[in-house]
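Taking it in order: structure first as structure tokens, then the write-up.
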Amino acid sequence: MNLRTILIPPSLDTKQALRLRRFGLAALSYALSTILLAISWWFGALPTMAGFKVALVFLVINLGVYGAIRSGFNLRFTDPSLTLFQMLAAITAVMFIAYHMDQGRNVALFGCFFVFLFGVFRLTMREFILATLYTVAAHALVIGLLMYLRPQAIPDMRSEWLSWLILAGLLLCFSIVGGQINALRRKLSATTKQLRLFTDNVPAMTVSYDEHLRCRFVNKRFAAFFGLTVENILGMHLRDVVGPEAFNQIEAYYERVLGGEPVTYQRAHPLPNGESRYLEIKLLPHIDADGNSLGCFSVAADITEHKLSEERIQRMAHHDALTGLPNRLLFNDRLTQAISLARRDSCQFALLYLDLDKFKPVNDSLGHAAGDELLKSVAARLRHEIRESDTVARVGGDEFAIILADIARSEDARTVAEKINATLSSPFQLGSEGKSVEIGASIGIAIYPTEGQDADELVKVADAAMYRAKQIGACG
């Protein structure tokens, strides 16, 4: 466990942790100021006891503010950052130092401007004016005390009051400018909040990357999709967000968009539960007025339902709804592919045309539900008898076609046909009562290229052989 984890524990509220980190900058400034105090003491510009008291005050201020933020006590105030309180405390310390310095007092007073810098992004103009009035009054008090208690420390009273006037004027100008800067910041913050409100409620994942692909803006939907929070994902590199493997796949798209080219692509994103979500990502380049790339914008939509619907439509268009086998449309496509591959590789394949025997009596006597169940059982048995590289399709009511890819001999096709005939001749158990029915099949065979050079010719040969087989009760 390192020191940072001890000072700012991970369990601390995100906003409180941010306030502690901001306070750390102030604490660093106090540390540097302590070094300057030591230098002033070394050159005799500051008495030992005064330097020790100021260092002690610095320590008390820092411990007090840290304790208030760490314990949550600061949340009771309008400004939980305690900016104005810290500034007034620091101004008080600066005036204490100025009172005890015989020389170089104006250098110490210059520290007021350094203190005021911490209020630029937090204080309103009214609060700045209040801090200015406090500083000017404190400086006037220091001059008054010096006049009556340590007159030897003021060699020229007119110069002292001139310094007071200059400090008052400069701080007033600083207050006006600082107040305007903070007003602009608040307007920008309000605009950013409106933008976040919009992006967090649109049905898309939006994110902006800089030219090094580090995230600089993201909406909640995007962060939640990757299991992160908006605060955690800001500043992360795209590689760390999507993972090294996915980044390698999409890196080229981002190289194109950083080059000024709009890009649209789709990808599947695996989820921890094993499912996948399909995303469509649109990338837009962020180009400045001089044509330089400042990064890119990404809008991602979850198209999983659309993709699944598209796949279902494609499946319905190419597969038989009852058996799940390829339909005639997909069969014709597979047959054309088989011819092209066989022609390219100088090999042969077989086309089997199959018609069920005694199917109509079953359908008529037991009903269409039993007929449908029988067809599904036939499809299951046919799948079991062929290789994964082969195709079995339902091309008619009780007609099926089988493509046996890359067979060594024509006799192999006849062997497969005999096995199919045997398995379809075994009784089928239908319905909840297990009604036993027996059917058979007539099978016609056509071999490419010896019995046909194209799809139509092969189908005609196999169909004719099937009818001859039906007449003689064998495999044709």
Side-chain angles (χ1 to χ4, degrees), residues 4 8 10 12-25 80-81 83 117-118 120-122 180-267 269 277 279-303:
R4 182 177 180 180
I8 309 177
L12 196 64
D13 176 77
T14 303
K15 291 185 177 179
Q16 289 289 80
L18 181 62
R19 291 180 184 118
L20 277 183
R21 284 194 289 270
R22 184 170 179 270
F23 163 75
L25 294 175
S81 298
T83 304
L117 283 175
F118 281 88
V120 168
F121 295 107
R122 295 297 303 177
Q180 290 295 327
I181 291 175
N182 188 46
L184 292 174
R185 185 196 68 84
R186 289 176 185 270
K187 289 181 181 179
L188 179 61
S189 177
T191 303
T192 302
K193 287 180 180 178
Q194 291 170 9
L195 176 61
R196 179 161 298 284
L197 180 65
F198 171 75
T199 57
D200 284 345
N201 287 278
V202 296
M205 296 177 284
T206 60
V207 60
S208 170
Y209 298 102
D210 65 15
E211 66 273 22
H212 303 296
L213 295 182
R214 294 196 175 275
C215 178
R216 57 188 175 192
F217 180 87
V218 63
N219 70 346
K220 289 183 180 179
R221 191 181 296 269
F222 183 95
F225 183 83
F226 290 95
L228 299 167
T229 64
V230 171
E231 292 77 12
N232 290 338
I233 204 171
L234 291 176
M236 288 181 64
H237 192 277
L238 174 62
R239 181 190 298 104
D240 300 321
V241 177
V242 302
E245 183 177 348
F247 179 74
N248 290 336
Q249 298 172 1
I250 64 177
E251 184 179 10
Y253 298 123
Y254 285 85
E255 289 178 352
R256 287 166 56 189
V257 75
L258 291 178
E261 175 187 355
V263 178
T264 299
Y265 70 94
Q266 295 181 2
R267 76 179 186 91
H269 179 79
R277 305 299 294 181
L279 302 177
E280 181 176 78
I281 297 95
K282 296 181 182 296
L283 302 178
L284 297 174
H286 183 190
I287 307 297
D288 66 10
D290 297 325
N292 299 314
S293 175
L294 302 180
C296 65
F297 303 99
S298 170
V299 179
D302 189 333
I303 60 170

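- Residue pairs meeting the side-chain hydrogen bond (donor to acceptor under 3.5 Å, both in side chains) criterion with at least one partner in residues 281-299, sequence neighbours excluded, are Arg216-His286, Asp288-Asn292.
- Legend: residues meeting side chain to side chain contact (heavy atoms under 4.5 Å, CB included) with Leu228, ordered by chain and number and at least two apart, are Phe226, Ile233, Met236.
- Applying the salt bridge (charged side-chain N to carboxylate O under 4.0 Å, His left out) test to Arg256 and every residue at least two apart in sequence or in another chain returns Glu261.
- Distance check, rounded to the nearest 0.5 Å: CG of Leu20 to CG of Leu25 gives 11.5 Å.
- Heavy atoms only, all atoms of each residue included: Phe222 and Val241 are closest at CE2-CG1, 3.9 Å.
- With hydrogens and angles disregarded, a donor-acceptor distance shorter than 3.5 Å links the side chain of Arg214 to the backbone of Gly235.
- With values rounded to the nearest 0.5 angstrom, Phe225 atom CZ is found 7.0 Å from Arg277 atom CZ.
- To the nearest 0.5 Å, atom CD of residue Glu280 and atom CG of residue Asp302 are 11.0 Å apart.
- Of all heavy-atom pairs spanning Ser81 and Arg22, the tightest one is CB-NH1, 4.0 Å.
- Residue pairs meeting the salt bridge (charged side-chain N to carboxylate O under 4.0 Å, His left out) criterion with at least one partner in residues 236-249, sequence neighbours excluded, are absent.
- Annotation: side chain to side chain contact (heavy atoms under 4.5 Å, CB included) contacts of Val257 (sequence neighbours excluded): Tyr254, Val263, Leu283, Pro285, Cys296.
- How far OG of Ser208 is from CG of Leu284: 10.5 Å, rounded to the nearest 0.5 Å.
- The closest side-chain heavy-atom distance from Val207 to Leu238 is not below 4.5 Å.
- Shown here are the salt bridge (charged side-chain N to carboxylate O under 4.0 Å, His left out) partners of Asp210, two or more places apart in sequence or in another chain: there are none.
- When all heavy atoms of Ala300 and Ile281 are compared, the pair lying nearest together is CB-CG1, 3.8 Å.
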